[in-house]
Amino acid sequence: MKYCVPIETPDESGPMADRLGRAAYLLVVDTASGTRETVPNPGATAEGGAGIKVAQAIVDAGANVVIAPHVGEHAARILQAAGIGTIHAERGRALDLVAAAEAGELTAPSPR
Amino acid sequence: MKVAVLSGKGGAGKTLVAANLAASLIPSRYLDCDVEEPNGHLFFHSDAATFQLVSLPVPVVDAERCTLCRTCVDFCAFNALAVVGEGVLVMESLCKSCGGCGELCPSGAISERPLVIGGIRSFDDNGVHFDGGETLPGIQTGVPIVKAVIAQAAGDEGRVFIDCAPGTACGVMEGFLDADFCVLVAEPTVFGLSNLGLAVELVRHFGKPHGVVINKDTPGADPVGSWCAGNSVPVLGRIPFDAAVARLSGSGLLVAREHGAYRQLFADIQVEIERQVAACVNC
């Protein structure tokens, strides 16, 4: 499963950002291969439509599940169209949240 | 002659001034260009109103022709487009209808359809022709509706009073660009003066002749009047801080229709406006 979590610094061990569209980076974790990647969020500097930009980046990263405190209307529409599940989490270390989601301890992703 | 009524903030008395000017100087036309929070219809009424829709073109992507090349997605400065799976999603509420995506699409897959964003209510009420713009909830810009309302009065050589949106943003600008004169409504306080300064800066930027109407005027300290005197901005008139005005307005009535003295006060403001326009060498 490939997870995507918004983060504010390129530090993999850091906390999840408190927003999705304007977070500075995205942490992409592939639990099958064990690879991790930090990519800049193109929505962070967008004048408008940040949610669309970040959702497009998540789609392009090939993620299956997004973990975020809140997903906006436009981003939700794109993620849903792409069959990407969203898991709601208030706060926590990004990698801990991925581990918890993988263990089924967070709300189950909405599958398609 | 077209007179735009604006102020640096909401609640200063734009609608009070615009609607009462229109009612005092019939036959006239009142345009409600505060299309995001219209309130002119609280003072003018008719059982025979017409309603026309205002729409904007938004892109429609033909999935058969689309090659998912992303030219449109990369071009859109407002991020209204996204490629998901085998198609392009259009976020219509973010689209500014520039048409660029359709122009640039190498496979001719993008056409346009009208998206209704609001409308214009029109009717006649005792010598005042009313055109009021209204924006649908969720629509991000009312500017095209303001333009459509202004267009209603194109070629009208009579007296046209434009009730602009509050503040100093694009919607306000569209409301007064076509006007011969700008009336700036201000409350007689230091806060009112601060907001008036913004409005003056805006109309000066566009070289529009302008004057001030002081609303809720009270005896004593007069920061707005003093500032106007020191900055060569004419004070066109003063509306007293009168409970009768508040009571009538709160009941959806126009003080100019109910009291001859107020009808005269607004007629005098119009005389002053016309004097200013005639004296303006740049007009």
Side-chain angles (χ1 to χ4, degrees), chain A residues 1-6 17 19-26 28 30 37 39-68 70-87 109-112, chain B residues 36 56-102 104-105 109-110 112-113 115 117 135-144 167 169-171:
Chain A
M1 193 73 89
K2 209 165 181 179
Y3 293 87
C4 191
V5 190
R19 54 200 182 157
L20 179 61
R22 297 289 180 186
Y25 297 90
L26 297 171
V28 183
D30 188 339
E37 192 188 359
V39 295
N41 171 16
T45 53
E47 263 186 51
I52 292 152
K53 274 279 196 217
V54 74
Q56 181 77 70
I58 293 165
V59 171
D60 295 345
N64 307 109
V65 176
V66 176
I67 304 172
H70 175 73
V71 178
E73 177 195 346
H74 293 125
R77 195 178 143 205
I78 293 169
L79 296 176
Q80 195 184 355
I84 297 170
T86 54
I87 294 181
S110 48
R112 229 170 83 119
Chain B
E36 288 174 11
L56 283 180
V58 292
V60 179
V61 183
D62 180 348
E64 296 285 306
R65 287 191 181 179
C66 177
T67 62
L68 304 176
C69 72
R70 295 190 181 221
T71 303
C72 57
V73 174
D74 294 339
F75 169 76
C76 184
F78 304 102
N79 299 318
L81 301 160
V83 168
V84 178
E86 294 302 302
V88 174
L89 281 184
V90 181
M91 279 359 97
E92 291 176 341
S93 66
L94 295 180
C95 176
K96 299 288 188 285
S97 301
C98 74
C101 53
L104 293 177
C105 178
I110 299 182
E112 291 180 334
R113 75 169 190 90
L115 171 74
I117 60 166
T135 313
L136 282 175
I139 299 297
Q140 300 208 348
T141 173
V143 170
C170 315

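The sequence lines fix the lettering, A, B, ..., with proteins before strands; numbering per chain opens at 1.
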Between A:Gln56 and B:Val83, is there a donor-acceptor pair closer than 3.5 Å when you use the side chain of the first and the backbone of the second?
yes
Which heavy atom in B:Asn79 sits nearest to a heavy atom in A:Ala46, and how many Å separate them?
ND2-CB, 3.5 Å
Determine the minimum heavy-atom distance between A:Ile78 and B:Ala82, stating which atoms define it.
CD1-CB, 3.6 Å
Taking everything shown except B:Arg113 itself, do over 12 heavy atoms lie less than 6.0 Å from its CZ?
yes
Taking every heavy-atom pair that is under 4.5 Å apart, which of A:Gly51, A:Ala55, A:Ala50, A:Gly48 has the most such pairs with chain B?
A:Gly48
Nearest heavy-atom contact between B:Leu89 and A:Ala81 is CD1-CB, 3.7 Å
